[in-house]
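Order of the sequence lines sets the chain letters (A, B, ...), proteins ahead of strands, with each chain counted from 1.
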2 protein chains.
Amino acid sequence: MSPRADAVRNRTKILDAAREQITLHGPDAGMDEIAAAAGVAVGTLYRHFPNKTDLVSAVLTEHLDRVADDIEAARERTAGGAKAMDEILGLVERVLEASATDHAVKAAARLLGAYPTDELVEDRTGTALAELIQAAQADGELHDDVTVQDFYLLINTAPTDQPPAVRSRWLTLVLPGLTTRGR
Amino acid sequence: MSPRADAVRNRTKILDAAREQITLHGPDAGMDEIAAAAGVAVGTLYRHFPNKTDLVSAVLTEHLDRVADDIEAARERTAGGAKAMDEILGLVERVLEASATDHAVKAAARLLGAYPTDELVEDRTGTALAELIQAAQADGELHDDVTVQDFYLLINTAPTDQPPAVRSRWLTLVLPGLTTRGR
DNA sequence: GCCTATCATGAACCTGCGTTCACGATCTTG
DNA sequence: CAAGATCGTGAACGCAGGTTCATGATAGGC
């Protein structure tokens, strides 16, 4: 039997509100706040998601999906003639920038490189990133031993809660370990 | 009027226990656990420290003090003829290693570069580190624009909760941003 | 040895937060 | 439209962790 119409409506409202609240306050956003933002009672959250972890995972997976889209787009541009290293630098800057204001992205980044991730999404990002890396290495602009995991590691250790000047400085310090382009 | 003898005794026991518990479980160690480890009731903690923040700060300041000692010792060795860059690398590795097992060090590292720190200790580390940096730059082994803040920044973003292989890889990725020594 | 200021005790309190559940409302099928 | 399954409600629960306070013990000067 298909679900009731209002139930579907509520599920959407809940996901929208959860996305908004987690973006603003990170995964620490309270279930009460999410429920209030969705215009729904707490119990309704628990009808759609057994517990908080499941709700947060759903939102974070969405975000990872967007990042995967971004990476795949960069790969397409490379196939179209763009320099792979330029695309990689753009990606890193974009993710770093997003993490600063979007607490969901920050939390989502922590999922990559750790275990509990949707395998499909992880595969998508991994594959596209690997191709970009190979291309940049073929251009001689990325050190030969750099891997996908290295990027996950660096993104996870990025100082996302620091002012722009500090984030920029951090990039400057870290990039020489990846690229062969001079400082 | 000087404090009672048993009060002094208890203060020591509390600090010892707090140090131990925070080393094991980080600043998340409960007041109850600390009290139990000290063989004292919770209320006694609050007689000596108005709140948890004050107690944790006291312990963390101690740790920073030890780090300051380490840095100053490195500076002395440099004055005695050791290569400044070697001492710096040793320092970084030691702090990184300690952060992995000692949750107090990890938390203490977060204090440097942030605001609420004992100025005296911060001055001590800052001065000694600055001298080491200058010496290494004079040797041409450290990039000229590297500052004390850069080191604080990198230490703060180190992946202390990752396995040794990952921590080591992180160092490899980050060092080229500091030193002129090749990979 | 007494007496009082100082100190220790730990049960109780408070707040925040995830989670549950008995009840009422609403949608949908026949 | 009626019947029943599905869904929504929100007060209440449980738990954890920091903090307090009335009560009793102890130290140290006279």
Pair up each side-chain donor or acceptor in residues 26-41 of chain A with any protein partner under 3.5 Å, not counting sequence neighbours, and list the distances.
from  : atom 1 : to    : atom 2 : distance (Å)
A:E33 : OE2    : A:G30 : N      : 3.2

Is there a side-chain contact between A:L89 and A:V92 (heavy atoms, below 4.5 Å)?
no
Any residue in residues 26-34 of chain A with a heavy atom nearer than 4.0 angstrom to DNA chain C? Just list them by number, or reply none.
A:G30, A:M31
Is it the case that the side chain of A:Q137 and the backbone of A:D144 share a donor-acceptor pair, with hydrogens and angles ignored and the cut-off at 3.5 Å?
yes
Whole-Å gap separating C1' (D:dT19) and CG (B:L55)
14 Å
For A:E131, check side-chain hydrogen bond (donor to acceptor under 3.5 Å, both in side chains) against everything at least two apart and list the hits.
A:R75
Looking at side-chain heavy atoms only, is the closest gap between A:V166 and B:Q149 below 4.5 Å?
no
Which heavy atom of A:L178 sits nearest a heavy atom of A:L142, and at what distance?
O-CD1, 3.4 Å
If you measure from the Lys or Arg side-chain nitrogens to the Asp or Glu carboxylate oxygens, is any gap between A:R9 and A:D6 under 4.0 Å?
no
Reckon B:H48 has a side-chain N or O less than 4.0 Å from the OP1 or OP2 of C:dC7?
no
Should B:D150 and A:R169 count as an ion pair when the cut-off is N to O under 4.0 Å?
yes
Between B:N156 and B:Y152 (side chain of the first, backbone of the second, donor and acceptor by atom type, cut-off under 3.5 Å), is there such a pair?
yes
Counting primed atoms plus P, OP1 and OP2 as sugar-phosphate and everything else as base, spell out the protein contacts along nucleotides 20-30 of chain C at 4.0 Å heavy-atom distance: B, S or - for each nucleotide, 5' to 3'.
B-----BSS--
Assign each of A:N51 and B:T44 to its nearest nucleotide of DNA chain C by heavy atoms, then name whichever residue's nucleotide is nearer the 5' end.
B:T44
Return the residues of residues 12-24 of chain A meeting this criterion: a heavy atom under 4.0 Å from some atom of DNA chain D. Order them by number, or give none.
none
Give a yes/no on whether any side-chain N or O of A:N10 is located under 4.0 angstrom from OP1 or OP2 of D:dC7.
no
Atom pair distance, as rounded to whole Å: NZ in A:K52 and P in C:dT19
8 Å
Should the pair A:R77-A:D86 be classified as a salt bridge under the 4.0 Å nitrogen-to-oxygen rule?
no
Whole-Å distance between C:dT6 C1' and B:R11 CZ?
16 Å
Test side-chain contact (heavy atoms from CB on, under 4.5 Å) applied to A:T179 - qualifying residues, sequence neighbours left out
A:M85, A:L175, A:R181
